[in-house]
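The structure presented is a predicted model; accordingly, all values stated were derived computationally and were not measured.
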Amino acid sequence: MAGFISKLFGFLFGLVFAGAGTFFIWQTSIPTYLNWQEMRQWQPAEAELLKVGGSQSNTTALYRYDHHGFIYSGSRVYVADFNDSIGSYQQKLKQKLNRSLASNAPIPIWINPDNPAEAIIDKEMRWGLFSLMSIFCSIFIVIGLTVSWFSLKARTKSSIPRAQLKQLRKTWLNQHVDGEKNESFSEYLRKTTDDAAGQSGESNNVSNQSWKNKPEWADSHITSEAKSRIKLMWGIALVTNIVSWPLMFAIQDELHKGNHLILLALAFPLIGIIFLYKAINTSLEYRRFGIVTLSLDPYPGSIGGHVGGSLDIKQRFTDSSMFTIELNCIYSHMSGSGDSRRRHEDIKWGQSGTPELKSISGGTRLSFRFDIPDTLPESDVEKKTNYYLWRITVTGNIPGTDFKRNYIIPVFATAEESRFVHHDISRQVEQRRKDEATKSAMAISRGDFDNTKLSRVIRVKKTGRMLELYFPMFRNKMLTAFAIIFGGGFGFATFQIITIFGTSTLTKILSGTFSIPFALVALVGTTGAIYLPLNNLKVTIGKGIIRIQRRLLFLPIYMKSLNHNDITGLTIKRTGSTGQGSKQIVHFKVLMHAKSAGSYTIAEDIDGEDLANQLKEYLWQRIRSGI
């Protein structure tokens, strides 16, 4: 029942959004296009301009004209029936009309020959405004239909519970030790769950060999996505260039009309050139290295065990640092609907390192393996709308054309280990982390913060027995950029919804209602865009006293002074992360806890848990010593 209610709510919520988009497009883009089509047949004439008015988002005028001896008055100025403040159209039009009014000069108009009482000053279609409104309204429709569709299609995905999987492995181990069986856990798992599926009529990813029915996973030799990548890149390059280059002719015409905003459209031919360059590079890479097959060991890759293997390149290399092997567990999901559907990927786990190189007949063999945590999801065999996949990416920074191949591999919860591959990248990653931690720990113990990653966010000053930590402004450049984009983009959207659609009582109510989410995001983004770059933190640890001062620019937000004896301890807290997979950086802050005054941040924006703990220990020693 709860599932039905949630589906119904999602379906109705989506319909509301789709309905709003449909209403707005029916009130703006569609009538504008129909009006323009009708006015193309109207006849030219002249009129006496009587009055000019309006605001930043609209232009009004009153004029009088003679048609076959009859005097008519008109007030229609342009094709659109709604207000807008896009570009400088309204300002230039008012300036032109005001000059005509001041000089008492007649103005050109267009008259409907079938109904002379209908006339207009400017009957040209503003294609930029029309496109913007159509896209803007379509976003509402796409979001609404997508929410409704996925609400109806939502289902609970069946899989083996982890508790049951552990019990099956325990049974297999007992049989293996007792000598009853001589089969791998994956074989035992498939056989056992196949029997259960035969009795219950059910099956799942791990319980059958459906993944072996996939041609690309038929055996342990996996081919890359190189050919499909070449086709994709050339397809995108051709489409983007065919679509974008004709815009160059339209750009010239618009520039002659004084529309300099059309120069923004130059981005489209530039995108076409970029995709063409990538397509050529991809083709050259494949021509140089040909087919490169990945041999998995174990097969399939194993959650709770290893993902490993080797690949042979038909060229000789000796420097392993030229190559990088990256393994990622990826959640792939769709957004949008129809022609606007887009696939997105979120990396749930990843590691990268350098492989082992070995010379073989006619080339070089790259070998590697990863240790896989037993909490990660398996590969999805069916790969419907949303699914998990495992990808190995091999890149080589080689003189000439660089090497790059992607392999989608089967990975299941078999807990098996590699039989022949011993080059452990996971150990390499852990050793690299330990080396960095050791180096930073030694530097921090000496008070040398400049030789650590702390130098990105902290300025340290030591005067006698006093230690001062200063976290300056503009230390969160990436987050600030995102906040500016979100705040500005959603603020612009809010303004346009209210000004363009708020032309009648009904549309004012609807536009005001649907602008609320946009306004809230704009408010949060704007607040972040102000606070993130301008806030700064100063912590002073002196003799017996700790002072904390947070400021926005030069204005104090709060100040606090605490005695050393009141401090009960320090802890670290995760505040967020940037990047994904092997490139993910987790950020922490150090909190100071007092007996009765609560908790206070004394260090923030620290990259990595090891570094945060080391700084915490250093500061705790300073505080406890009372210096």
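In plain terms, the two heavy atoms of Pro298 and Ser302 that are nearest each other are CG-CB, 4.3 Å. Nearest heavy-atom pair, Ile602 versus Ile548, reported as atom, atom and distance to 0.1 Å: CG2-CD1, 3.8 Å. Scanning both residues, Lys462 and Arg446, for their nearest heavy atoms gives NZ-O, 3.9 Å. The two atoms that bring Ser561 and Ile545 nearest to each other are CB-CG2, 4.5 Å, heavy atoms only. Considering every non-hydrogen atom in both Ala529 and Ile484, the closest pair reads CB-CG1, 3.7 Å. Considering every non-hydrogen atom in both Leu562 and Ala594, the closest pair reads CD1-CB, 4.3 Å.
At distances below 3.5 Å, not a single donor-acceptor pair connects side-chain atoms of Ser379 with backbone N or O atoms of Pro410. Lys595 places a side-chain N or O within 3.5 Å of a backbone atom of Asn565 that can act as its donor or acceptor partner. Looking at Thr568, its side chain does come within 3.5 Å of a backbone N or O of His593 through a donor-acceptor pair. Under a 3.5 Å cut-off, the side chain of Ser440 and the backbone N or O of Leu611 do not form any donor-acceptor pair. The backbone N or O of Ser418 sits less than 3.5 Å from a side-chain atom of His306, completing a donor-acceptor pair. In terms of modelled atom types and a separation under 3.5 Å, the side chain of Arg391 and the main chain of Cys329 share no donor-acceptor contact. Counting only distance, with no hydrogens or angles, the side chain of Asn451 and the backbone of Ala443 share no donor-acceptor pair below 3.5 Å. Of the possible polar contacts, none joining the Ser352 side chain to the Glu326 backbone as a donor-acceptor pair under 3.5 Å is found. When atom types are taken as modelled, the side chain of Trp390 and the backbone of Pro377 share a donor-acceptor pair closer than 3.5 angstrom. Here the side chain of Thr526 pairs no donor or acceptor atom with the backbone of Leu523 at under 3.5 angstrom.
Partners of Ser295 by side-chain hydrogen bond (donor to acceptor under 3.5 Å, both in side chains), not counting sequence neighbours, listed by chain and number: His221. In terms of the side-chain hydrogen bond (donor to acceptor under 3.5 Å, both in side chains) criterion, residue partners of Asn406 (sequence neighbours excluded) are, by chain and number, Thr393. Take Tyr277 and apply the side-chain hydrogen bond (donor to acceptor under 3.5 Å, both in side chains) test, not counting sequence neighbours, and it matches Asn281. Partners of Ile360 according to the side-chain contact (heavy atoms from CB on, under 4.5 Å) rule, which considers only residues two or more places apart in sequence or in another chain, are Asp312, Arg365. Contacts of Thr354 classified as side-chain contact (heavy atoms from CB on, under 4.5 Å), with partners at least two apart in sequence or in another chain: Gln428. Listed by chain and number, the residues in a ring pair (Phe, Tyr, Trp, His ring centres under 6.0 Å) with Phe323 are Phe317 (sequence neighbours excluded). With sequence neighbours left out, the side-chain hydrogen bond (donor to acceptor under 3.5 Å, both in side chains) criterion links Glu417 to no other residue.
Looking at Tyr531 and Ile557, their side chains come closer than 4.5 Å, going by heavy atoms from C-beta outward. In this structure, Leu454 and Ile606 have side chains that are in contact, with non-hydrogen atoms separated by less than 4.5 Å.
Applying the salt bridge (Lys or Arg N to Asp or Glu O under 4.0 Å) definition to pairs two or more places apart or across chains, those involving residues 529-542 are Glu468-Lys538. Applying the ring pair (Phe, Tyr, Trp, His ring centres under 6.0 Å) definition to pairs two or more places apart or across chains, none involves residues 419-438. Within the structure, salt bridge (Lys or Arg N to Asp or Glu O under 4.0 Å) contacts touching residues 401-411 (residues at least two apart or in different chains) are Glu285-Arg405. Evaluation of the salt bridge (Lys or Arg N to Asp or Glu O under 4.0 Å) test over residues 550-571, restricted to residues two or more places apart or in two chains, returns Arg550-Glu604. A salt bridge (Lys or Arg N to Asp or Glu O under 4.0 Å) check over residues 569-581, counting only residues at least two apart or in different chains, returns nothing.
The aromatic rings of Tyr331 and His333 lie parallel to each other, their planes meeting at an angle below 30°, with 60° marking the opposite boundary. Aromatic ring orientation, Phe449 versus Tyr618: perpendicular (interplanar angle above 60°, classes split at 30° and 60°).
Other residues, nucleotides and ligands place more than 12 heavy atoms under 6.0 Å from the CZ atom of Arg316. The number of heavy-atom neighbours closer than 6.0 Å to CZ of Arg432, taken from other residues, nucleotides and ligands shown, is above 12. Phe554 CZ: 12 or fewer foreign heavy atoms inside a 6.0 Å radius. Within 6.0 Å of the CZ atom in Arg547, the count of heavy atoms belonging to other residues, nucleotides or ligands does not exceed 12.
Annotation: the span from Lys589 atom NZ to Ser599 atom OG amounts to 9.0 Å, rounded to 0.5 Å. Of the inter-residue distances, the one linking Ile444 atom CD1 with Leu615 atom CG reads 6.0 Å to the nearest 0.5 angstrom. Distance check: Phe471 CZ to Ile458 CD1 gives 3.5 Å after rounding to the nearest 0.5 Å. Atom NZ of Lys358 and atom OG of Ser367 lie 7.5 Å apart (nearest 0.5 Å).
Taking 4.0 Å as the cut-off between side-chain N and carboxylate O, Asp605 and Arg475 count as a salt-bridged pair. Using a 4.0 Å cut-off between charged side-chain N and carboxylate O, Asp610 and Arg433 make a salt bridge.
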Test log, rule side-chain contact (heavy atoms from CB on, under 4.5 Å), inputs Asn535 and Ile530 = CA-CA 8 Å; Asn535 89 91; Ile530 296 172; over 6 Å; no

key: Test side-chain contact (heavy atoms from CB on, under 4.5 Å) applied to Thr324 and Val394, step by step   = CA-CA 6 Å; Thr324 300; Val394 185; over 6 Å; no

message = The test is side-chain contact (heavy atoms from CB on, under 4.5 Å); show your working for Tyr387 and Leu389 and say whether it passes.
response = CA-CA 7 Å; Tyr387 56 85; Leu389 63 93; 3.4 Å; yes

message = Run Ile546 and Tyr600 through side-chain contact (heavy atoms from CB on, under 4.5 Å) and show every step you take.
response = CA-CA 11 Å; Ile546 301 170; Tyr600 297 90; over 6 Å; no

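With no hydrogens or angles considered, no side-chain donor-acceptor pair links His587 and Ser577 at under 3.5 Å.
A ring-centre distance under 6.0 Å is not found for Tyr299 and Phe412.
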